[in-house]
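Side chains included, hydrogens not; waters and symmetry mates left out as well; all remaining heavy atoms used.
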Amino acid sequence: MPTLYLTPASLSYLAQFVLALIITAYLLYLSLRPASPGGKPAHVALITGFFAGFTIYLLLLFLETALLPGDRLFATYLQIIPLTLGLVCLIQFAYRYPASAPEQKWERRAALILTLSYALWESWYALVRLRLLLTEGRVRFRHDYADIFLVIIFLWTPLMLLRQSVRASAEAAALDPSSRHFHPSSLILHPFSWLRHLWRPQGQAARTARALALVYLLPFALSLIWLANSYFVVSVGTTNILFSLGILSALFAFAHVYLNILPETTIMVKVAGAALVTVLAVLSVVGWAVGPLFAGQYPEDRIPERQTLRFTPNAAGGYDAAAMPFHFDPAGEQQGDFGNGDLATPLPFAFPFYDQAWQEVYISVFGAVSFGRAWDYWDFEYRYGTAPGIVPLPPTPGYWPLGGTQVLLASQADKVTITWRQSAEDRPAAAAFTAQLILYPSGVFEITYDHIPAGTSRTFWAAGVIAGAPAHTPRQVDLFDGLPLSGGPEGIVHDGYRAFRGYLHRMLSPLAYLIAGSALLIVVGLPVFLHFNLVRPLEALLKGVRQVDAGDLKVEMPVEF
């Protein structure tokens, strides 16, 4: 079973998931309870459906940020399914709150067909990508342009709610003889009268619809940020911070606006909800505040510079790794333009690697080589890549792609030398490095680290040998302090990123327990406390007042605090 590794982002998404789960449970309770004589509004079931999908989406966001690369891909692929299905319900909610308009019947149906078609297309494509991952080990993500549809849907919702607010305000004004607002039918005759209704909506329903429109402008803004991240305008770290805080703010605003106007919402629910949102918001911010402090105190797994590692094929079908005297080959003078490694480079000899001789190699700019097919950096996220390959020093996912990296190649009859060189001018000083890989006709290869400054282990992922079979996960080893060592046919990898995530998880785990414990205490304990210390004494007082009202002047009330 995959192991969770908590981060500040995952803690924030955990808090949001807990809050969304409680809101969904409360809405589901309202949907299933017996209806009043006037019937139950359709919008309650629709907003419940949206929050059910959104809650699952937040759970998958938590898993994506808490799992290691490879395992998290399953959560990443499935996220779009509950989100888009929930958005179908959200659009229909916007058309029906506070009440359905008969003249919008065909428009509602058209909106349902369009949004449901989009949701089914996203779901189908997610399952296709999941099948490719499980059967072929290939990583495929959604097309960037698909996020444009999400932006449109998230904008559609507040615009529709503003339209509903104007309509509800006009209807309320028509029932008020003293109102100077126009009749609903005059909205056509007076096109700018809707501005008056937006500025000063008449009636609680119109004011609530306008408030909800403002609430759903937050998800629209977050969808724009996500779109900017897809096109590398906003960084992954900034996107995670804005997403986690933005979603929590939207949940808080929704709880304050929508749940506050429901007639079934008691004062006890309001007090518990306010306390819950406040505590979860504080704990989310605490995670973002202490995470960088813990990361700064990480006892770094230093990758030694000026060291050479030799890998020799063994009888077990793997490689023996041993430290050798430092040897950096200065012969790599020919610079290659290898991009992300999608072009095969011929070898001057057949290089034996895991029971097969290879006549060409794919050289990647992100610090790795593969055989048989090219890796891109998303492929590498799945179990360190599914094609056979060697990884001298690839970066963590947040640092891809490495613009500015020089890849140097020198081919000779008796060896092939590949050098990766990154200057401090192109990247932060902690990421500037020089590493080299030499392939020999015998199947032996050497990895040399020439310049590896302090802090590199925080920006680079792993080093080792990848067998390439999707079913084989490389064995975790210590390539720098545990030599010599022997590996089998599954491959061997030194994973500094996993070690760092494990350390951060140990530091942040108490906050996760605090989030779960606080939510349970507030949801269960606070109502019990209020019942015995506020509700029951007030009920006793009210009973005594009624007795006095009935003429019983000998009533004695106990003094309670």
Side-chain angles (χ1 to χ4, degrees), residues 1-5 67-74 130 132-139 301 303 309-324 341 350-358 361-362 364 366-397 435 437-440 442-447 457 460-502:
M1 182 177 179
T3 304
L4 297 178
Y5 294 86
L67 292 171
L68 290 177
D71 295 328
R72 73 181 180 193
L73 288 176
F74 299 97
L130 190 61
L132 287 174
L133 182 69
L134 293 174
T135 59
E136 302 179 21
R138 290 185 175 270
V139 179
D301 181 18
I303 300 174
L309 307 179
R310 173 170 290 178
F311 294 79
T312 306
N314 59 30
Y319 284 85
D320 296 330
M324 303 296 294
F351 180 72
F353 190 75
Y354 281 110
D355 298 328
Q356 189 168 347
W358 304 93
V361 62
Y362 292 84
S364 172
F366 64 88
V369 300
S370 61
F371 302 94
R373 71 173 181 86
W375 282 341
D376 59 30
Y377 52 85
W378 296 122
D379 282 323
F380 192 79
E381 281 205 12
Y382 183 57
R383 296 180 181 174
Y384 310 98
T386 54
I390 303 168
V391 285
L393 204 62
T396 54
L437 171 66
I438 301 179
L439 307 177
Y440 295 100
S442 62
V444 174
F445 62 90
E446 294 176 349
I447 298 176
S457 64
F460 286 89
W461 186 351
V465 188
I466 310 299
H472 289 165
T473 299
R475 181 164 62 92
Q476 303 295 316
V477 298
D478 188 344
L479 276 179
F480 305 118
D481 294 326
L483 298 178
L485 57 86
S486 294
E490 74 280 3
I492 52 178
V493 164
H494 179 104
D495 195 331
Y497 181 64
R498 181 191 293 262
F500 171 71
R501 289 287 297 271

- Message: Testing the basics here: between L479 and A321, what is the closest heavy-atom pair and its distance to 0.1 Å?
- Response: CD2-CB, 4.1 Å

- Note on the structure: Of all heavy-atom pairs linking P313 and V444, the shortest is CD-CG2, 4.0 Å

- Task: Mind listing the closest non-hydrogen atom pair of A463 and P392 along with its distance?
- Result: CB-O, 3.2 Å

- Does S486 have any side-chain hydrogen bond (donor to acceptor under 3.5 Å, both in side chains) partners at least two apart in sequence or in another chain, and if so, which? D320

- How long is the gap from CG on L4 to CZ on R501, to the nearest 0.5 Å? 9.5 Å

- Could you pull out all residues at least two apart from Y5 that satisfy ring pair (Phe, Tyr, Trp, His ring centres under 6.0 Å)? none

- Rounded to the nearest 0.5 angstrom, the CD1-CZ distance for I447 and R310 is 12.5 Å

- Message: Nearest 0.5 angstrom please: I390 CD1 to L437 CG, how far?
- Response: 5.0 Å

- Message: Are F311 and Y440, when compared by the centres of their aromatic rings, separated by less than 6.0 Å?
- Response: no

- Message: Are P474 and V465 packed together at the side-chain level, in the sense that at least one heavy-atom pair is separated by less than 4.5 angstrom?
- Response: no

- Note on the structure: A467 and P489 have their tightest heavy-atom pair at CB-O, 3.1 Å

- Task: Starting at CG of D478, measure out to NE2 of H494 and round the result to the nearest 0.5 Å.
- Result: 5.0 Å

- Query: Out of F445, F351, Y362, which one pairs with F371 under the ring-ring contact (aromatic ring centres under 6.0 Å, His included) rule?
  - Reply: F351

- Query: Once you round to the nearest 0.5 Å, how far does CG of L73 lie from CG of L68?
  - Reply: 11.0 Å

- Between A368 and V391, the two heavy atoms sitting closest are CB-CG1, 3.6 Å

- Item | Shortest non-hydrogen contact between L483 and A323, atoms and distance | CD1-N, 3.8 Å

- Roughly how far, to the nearest 0.5 Å, is the CE atom of M324 from the CD atom of E446? 6.5 Å

- Verify, without hydrogens or angle tests, whether D71 (side chain) and T3 (backbone) share a donor-acceptor contact under 3.5 angstrom. no

